[in-house]
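A short worksheet on the structure shown next.
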There are 2 protein chains.
Amino acid sequence: MSRTVAAPYRVSGVAHTPADVLAAARGILAQHSLADLSMRRLATELGVRPNALYWHFPDKQTMLAALADDLLDAVQIPADGAWDQRLTAAATNLRSTLLSLPDSAEVVSSAWASGLSHSDLTATVAAVASDGGLPPPAAHGVATAICRLTIGLTIEEQTRAQMERLGVTGPSGRDFTEEFTQALAVIVDGARSLAAARR
Amino acid sequence: MSRTVAAPYRVSGVAHTPADVLAAARGILAQHSLADLSMRRLATELGVRPNALYWHFPDKQTMLAALADDLLDAVQIPADGAWDQRLTAAATNLRSTLLSLPDSAEVVSSAWASGLSHSDLTATVAAVASDGGLPPPAAHGVATAICRLTIGLTIEEQTRAQMERLGVTGPSGRDFTEEFTQALAVIVDGARSLAAARR
DNA sequence: ACCTGAACACCGTTCAAGT
DNA sequence: ACCTGAACACCGTTCAAGT
């Protein structure tokens with residue numbers, strides 16, 4: 001005779017984990033937008049009541065910060081090569097990671113602002129700048145400029161993309177890739193010029 | 001005999017204007033926070049029903065964009081002096097304008113992202129960079145880097161300030177002024193190095 | 001450990017109607 | 001021109017209770 005374990009309270013399937021919740025949140029961003037990412041909708045997507053989510057995360061803000069950290073942990077920061085090229089590559093990788101998930105730049109921005117993010121991306125980028133011989137404050141300045149530029153410009157790009165998706169606005173006529181490339185080049189040039197002055 | 005004009009529908013006072021609404025919105029930001037700036041609360045502050053606001057603005061987003069434009073129009077962009085010092089001054093003025101009203105950096109960021117802002121601050125800053133002899137794409141890159149840095153870092157600073165105001169978090173230990181100064185110096189150095197290469 | 005039921009205190013926005 | 005009344009379709013979050 002086989003023993004039957006006590007059936008879970010939920011009708012079908014296994015219990016959820018925080019990772020399940022984050023995966024469902026990604027799904028909503030991918031197929032809809034940040035505006036559609038409510039706790040209630042997220043719960044529906046998981047086949048669960050809204051308040052069940054509060055078992056996994058204390059509040060929505062914390063859940064979004066965890067999502068942001070997931071995203072940022074996936075950004076590749078090259079370990080070898082010339083330091084200035086590694087800086088450019090880090091920024092480019094951050095941007096393309098963000099562009100792969102709609103509205104994710106906004107999520108990262110909020111997470112950084114709230115202080116609930118545990119990602120140390122800025123410090124990692126600052127370490128690359130340090131390899132160029134920049135003193136700590138300047139290296140941190142470079143990292144700050146690069147990260148904020150990338151996040152800020154990508155927020156605009158993704159927001160426009162959403163608006164065009166909804167047909168509320170026509171194409172912006174802006175070349176975001178060009179804007180990003182130019183602005184990034186200015187910052188990296190600044191870093192090089194500071195490094196040269198140190199020699 | 002004095003003629004009495006037909007009494008307005010509202011009990012006391014004169015009718016409101018869009019400017020009145022924006023002033024009340026500023027008041028809520030100044031004394032509370034962006035989280036408290038709901039259309040319903042704004043209406044209450046004006047002694048009016050929530051839906052009355054939709055006479056003055058089509059929606060909340062548009063109202064916030066108008067508020068952002070008001071703020072940005074007040075930013076002084078110096079017209080004479082060395083171009084690199086004018087760049088630094090423009091960024092510093094933008095930051096101090098934002099810091100004078102809690103959560104205003106977030107408001108500006110959203111307004112830019114939504115495309116509802118009519119401010120041409122980035123173009124104005126780009127014009128200063130052009131005075132340094134930079135070609136248009138590079139000048140625009142400089143302006144983008146400066147504006148996004150300033151907005152992004154000020155969002156973090158103001159969000160931390162709110163959290164400390166609410167006692168939900170202790171002091172961050174970060175020196176935002178120092179971070180801003182260093183990152184700005186990197187960008188302006190980059191601009192100078194690009195200008196020098198043009199000669 | 002993980003979830004439901006039920007409720008609280010809110011939102012933004014629309015539409016017809018009032019003066 | 002500027003506002004009210006009344007309603008619609010939502011939010012995030014809490015708490016006790018279920019299994």
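In what follows, every chain begins at residue 1, and chains take the letters A, B, ... in the order their sequences are listed. These numbers come from the heavy atoms of this one structure, side chains and all, not from hydrogens, waters or symmetry mates.
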As a check on the pairing definition, encode DNA chain D in dot-bracket form, counting Watson-Crick and G-U wobble pairs whose two distances are under 3.5 Å, and using | for partners outside this strand.
||.|||||...|||||.||
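Separating the P atom of C/dA9 from that of D/dC10 is a span of 22 Å, rounded to the nearest Å.
Taking a 6.0 Å sphere around CD of A/Q76, one finds it holds 12 or fewer heavy atoms contributed by other residues, nucleotides or ligands. Counting heavy atoms of neighbouring residues, nucleotides and ligands inside a 6.0 Å radius, atom CZ of B/R174 exceeds 12 of them. Other residues, nucleotides and ligands contribute at most 12 non-hydrogen atoms within 6.0 Å of the CD atom of B/Q61.
Counting to the nearest Å, the P atom of D/dT13 and the CE atom of A/M63 are 11 Å from each other. Atom CD in B/Q61 sits about 12 Å away from atom P in C/dG12, given to the nearest Å. When the P atom of D/dC10 is taken as reference, atom CG of A/D36 falls 11 Å away, rounded to whole Å. Going from atom OH of B/Y54 over to atom C1' of C/dC11 covers 9 Å, rounded to whole Å. Spacing between atom NZ of B/K60 and atom C1' of D/dC11 amounts to 12 Å, rounded to whole angstrom units. Nucleotide D/dT19 holds its P atom 15 Å from the CZ atom of A/R49, rounded to whole Å. At whole-Å resolution of the value, CG in A/L64 and P in D/dC11 are 14 Å apart. In this structure, B/L42 atom CG and C/dC10 atom C1' are separated by 16 Å, rounded to whole Å.
Contacts of A/R40 with the nucleic acid, taken as non-hydrogen atoms under 4.0 Å apart, include base atoms.
Looking at B/D131, its side chain never comes within 3.5 Å of a backbone N or O of B/W83 through a donor-acceptor pair. With hydrogens and angles disregarded, a donor-acceptor distance shorter than 3.5 Å links the side chain of B/Q158 to the backbone of B/A105.
Nearest nucleotide to the side chain of A/S38, out of D/dC2, D/dG12, C/dT4: D/dG12. Checking D/dT4, D/dC2, C/dT13 against every side-chain atom of B/V48, the shortest atom distance belongs to D/dT4. For B/P50, the side-chain atoms get nearest to C/dT13 when compared with the rest of C/dT13, C/dC2, D/dT4. Out of D/dG12, D/dC2, C/dG12, the shortest distance to the side chain of B/A15 is found at D/dC2.
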I would like to know whether B/D69 and B/S119 meet side chain to side chain donor-acceptor pair (under 3.5 Å); could you show each step before the answer?
CA-CA 6 Å; B/D69 285 344; B/S119 160; 4.7 Å; no
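OP1 or OP2 of D/dC2 has not a single side-chain nitrogen or oxygen of B/H16 nearer than 4.0 Å. Applying the 4.0 Å criterion to OP1 and OP2 of D/dA1, one finds that B/H56 has every side-chain N and O outside that range.
Just one residue in the list B/T154, B/L149, B/I151, B/T181 forms a side chain to side chain contact (heavy atoms under 4.5 Å, CB included) with B/R95, and that residue is B/T154.
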